[in-house]
Amino acid sequence: PAAGGDLTLNAISAGSGLVDLRALGGALTDGNGATENISAGSIRLDADTGIGAADEIETAGTGLLLTAQTRTGNLQIVNTGELIVDTVGGLAGVQITSNAAASNLSLRARSPLTINSDVINNSGGNIILTAGGSAATDDLTISADVIATGGSGAILLSAGSDVIQTTGTISAAGAGAITLTAGVGTLDGVIRQEDGVRLQSVSGMIDLMADEDIRLSNLQTGHSGANSVTVTSSAGAIIDNGDTHVDIIANSGTVTLNAETGIGHGNALETTVARLAATNSGSGNIQIIETDGIELSAVQQTSAIATGNIEVVSNTGLLDVLAGGAGIGAFGTGSISLQADGAAAGNLSVNALVQTTSGAITLRADNNVTFTANGDVTSTTGNVVVNADDDNSGAAGGLLTMADGVLINAGSGTITLTSDGNLTLGGLQTTNATANAVQVTSREGGIVDGGDSDIDIIANSGTVTLNAETGIGHGNALDTTAAR
């Protein structure tokens with residue numbers, strides 16, 4: 001039926017049939033509290049000033065097809081059984097169509113919730129989609145657009161089990177935050193974006209949380225500052241699920257990644273971000289490819305028994321181990337590799353501690369490598385390799401510069417430093433007893449003493465090999481304690 005004002009719902013039962021209710025000029029309201037309002041196979045709701053605006057409309061049906069729209073007012077529906085947003089009676093999806101006043105759109109299913117047609121809130125209010133329950137099938141599946149526009153409304157998506165985005169775009173305007181939470185009822189949910197889909201906010205924060213794996217296609221925000229993007233898998237991995245888009249774009253903000261079984265393991269996450277903090281607490285590598293320069297505030301493999309490596313590549317621009325951050329650490333047997341590509345634009349700046357327990361440390365840049373006051377490098381047994389002008393382009397540059405007081409201590413590992421231009425030493429230290437204990441080479445420049453806070457080279461048991469073009473210790477002799 002259609003009504004010219006408000007239409008109050010008590011109890012309607014249509015079996016597996018269609019219920020079509022329209023309050024043209026008014027609202028569809030709940031008239032019986034928490035008791036079920038509609039039981040049907042499909043439902044079409046159309047109103048002018050709200051659907052369940054003050055109290056949710058309660059529906060029931062397994063595999064219930066729903067479409068609903070209101071011009072203004074809240075739209076709130078809760079279903080017992082599987083709920084599917086689709087096209088019913090010529091009306092598609094679920095929408096608040098006007099932006100006259102901020103109103104919320106909420107769909108809850110006490111079972112799976114599937115979005116096959118667009119869910120759009122034009123009012124500036126929030127969108128809340130919830131697949132409740134504790135069964136492994138209680139998934140939220142999004143196969144259409146979910147759009148909050150007209151203001152800074154948030155999008156909150158949660159599931160008892162998995163949150164799956166198969167097609168379409170999830171989008172929030174303004175400072176609208178987007179939050180995805182999987183495994184609320186089962187404690188083993190995954191988040192999966194199929195390759196090609198997008199999740200984006202103009203300037204709001206993005207937060208993804210799951211117990212198991214999180215598979216990414218594209219997250220994007222213009223948010224600046226801390227917590228721009230946070231992705232947390234408490235017992236699984238963060239995985240690149242395809243290469244159609246850059247996985248994470250946050251040009252102005254900080255991205256925080258936390259996982260237990262790897263971050264980009266086997267297929268590096270592609271990022272375009274200002275700053276990154278990444279922590280993996282168990283097995284698996286951390287592998288990141290940055291498109292245009294990045295600050296690393298903390299990248300850590302925290303397990304003492306794991307073998308996971310850390311590999312960060314910046315395709316161009318400055319790769320900066322951020323001063324004041326926790327630095328880069330692999331505390332099991334894993335190695336660390338930091339690489340700044342990009343010819344003359346590829347620079348590596350180490351301003352905080354880089355350390356492994358026993359894994360190798362490799363630091364490379366197509367142009368310059370710089371170690372500032374707190375940029376020490378340490379390992380118990382891992383070999384340390386530092387290479388400036390890694391692409392050996394022959395162009396001017398390729399300086400390797402250690403500030404006075406900076407120490408590279410390889411424990412019992414070897415130390416190999418190579419540059420094209422001048423190579424300025426702080427302190428090098430190893431107990432390695434081989435013929436390759438310390439090798440320092442400047443192809444077109446000199447080897448320079450950078451200060452007297454430390455002895456330049458300590459290799460009591462091994463051989464030190466120095467090669468340069470324009471002098472070794474010229475004007476300020478190198479201090480050494482070496483066997484050979």
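The residues of the chain are indexed from 1 along the displayed sequence.
- Summarising the geometry of D162 relative to A159, their closest heavy-atom pair is O-CB, 3.2 Å, with the distance given to 0.1 Å.
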Less than 3.5 Å apart, which donor and acceptor atoms pair up between the side chains of residues 474-484 and the rest of the protein, not counting sequence neighbours?
from	atom 1	to	atom 2	distance (Å)
R484	NE	T463	OG1	2.8
R484	NH2	S461	O	3.4

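- S111 places a side-chain heavy atom less than 4.5 Å from the side chain of D138.
- Checked by atom type and distance alone, the side chain of T424 never pairs as donor or acceptor with a backbone atom of V448 at under 3.5 Å.
- The closest side-chain donor-acceptor pair between E290 and T271 falls under 3.5 angstrom.
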- Message: Between N347 and T370, is the side chain to side chain contact (heavy atoms under 4.5 Å, CB included) condition met? List the steps.
- Response: CA-CA 8 Å; N347 296 299; T370 304; over 6 Å; no
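- Scanning all heavy atoms of the two residues, the minimum distance from I415 to Q429 falls at CD1-O, 3.5 Å.
- Ion pairing of D389 with R443 is present here, as a side-chain N (NZ or NE/NH1/NH2) and a carboxylate O approach within less than 4.0 Å.
- Heavy atoms from other residues, nucleotides or ligands lying under 6.0 Å from CE of M209 number more than 12.
- A donor and an acceptor atom, one from each side chain of S335 and N309, are located under 3.5 Å apart.
- In terms of heavy-atom proximity, N251 sits nearest to T272 at OD1-CG2, 2.9 Å.
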**Request:** For the pair Q439 and L417, evaluate side chain to side chain contact (heavy atoms under 4.5 Å, CB included) and give the outcome as yes or no after the intermediate values.
**Result:** CA-CA 6 Å; Q439 300 178 81; L417 275 55; over 6 Å; no
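- Using a 3.5 Å distance cut-off with no hydrogens or angles, the side chains of S106 and N104 do not pair a donor with an acceptor.
- For the pair S161 and T186, the tightest heavy-atom approach, listed with the atom from each and the gap, is CA-OG1, 3.7 Å.
- Residues that satisfy the side-chain contact (heavy atoms from CB on, under 4.5 Å) test with N351, not counting sequence neighbours, are D320, A323, S349, T372.
- When every heavy atom of A343 is checked against every heavy atom of D366, the shortest pair comes out as N-OD2, 3.1 Å.
- Contact check for N116 versus V85: no side-chain heavy atoms found under the 4.5 Å cut-off.
- A heavy-atom distance below 4.5 Å is not found between the side chains of S234 and E212.
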TODO: Please lay out, stage by stage, how S143 and T166 fare under the test side-chain hydrogen bond (donor to acceptor under 3.5 Å, both in side chains).
DONE: CA-CA 5 Å; S143 301; T166 65; 2.6 Å; yes
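- For the 3.5 Å distance criterion, the side chains of D292 and T316 fail to qualify, holding no donor opposite an acceptor.
- In this structure the side chain of L425 reaches within 4.5 angstrom of the side chain of I447, judged on heavy atoms.
- Looking only at atom types and distance, the side chain of N432 has a donor-acceptor partner in the side chain of T434 under 3.5 Å away.
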Self-check item: Derivation of the side chain to side chain contact (heavy atoms under 4.5 Å, CB included) call for V94 and L107
Solution: CA-CA 9 Å; V94 174; L107 300 178; 4.1 Å; yes
Evaluate the side-chain hydrogen bond (donor to acceptor under 3.5 Å, both in side chains) criterion for residues D195 and T244: first the C-alpha distance (whole Å), next the side-chain angles of each, then the deciding distance (0.1 Å), finally the verdict.
CA-CA 6 Å; D195 185 32; T244 299; 2.9 Å; yes
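- Using modelled atom types and a 3.5 Å distance limit, the side chains of Q193 and N241 yield no donor-acceptor pair.
- Residue A250 comes nearest to V229 through the heavy atom pair CB-CG2, 4.3 Å, listed as atom of the first residue, atom of the second, then distance.
- For the side-chain contact (heavy atoms from CB on, under 4.5 Å) test with M402, the passing option among L407, L428, V350 is L428; the others fail.
- No side-chain N or O of N409 forms a donor-acceptor pair with one of T378 less than 3.5 Å apart.
- Residues L83 and T114 form no side-chain contact, since every pair of their non-hydrogen atoms from C-beta on lies 4.5 Å or further apart.
- Taking the side chain as every heavy atom from C-beta outward, E270 and D240 approach each other to under 4.5 Å.
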Under 3.5 Å, side-chain donor or acceptor atoms of residues 353-360 against the rest of the protein: list the pairs with distances, not counting sequence neighbours.
from	atom 1	to	atom 2	distance (Å)
T356	OG1	G359	O	2.6
T356	OG1	S379	OG	2.8
T357	OG1	F331	O	3.2

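- A donor-acceptor contact shorter than 3.5 Å links the side chain of N367 to the backbone of G398.
- Using a 4.5 Å heavy-atom threshold, the side chains of T279 and T302 count as touching.
- Residues L466 and I457 are in side-chain contact: their nearest non-hydrogen atoms beyond the backbone lie under 4.5 Å apart.
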I would like to know whether N218 and D247 meet side chain to side chain contact (heavy atoms under 4.5 Å, CB included); could you show each step before the answer?
-> CA-CA 4 Å; N218 175 255; D247 296 301; over 6 Å; no
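- When only modelled atom types and interatomic distance are considered, S412 and T381 share no side-chain donor-acceptor pair under 3.5 Å.
- With H223 as reference, S228 is the one residue of S201, S228, S203 to meet the side chain to side chain donor-acceptor pair (under 3.5 Å) rule.
- Defined by atom type and a distance below 3.5 Å, a donor-acceptor pair is missing between the side-chain atoms of N387 and T418.
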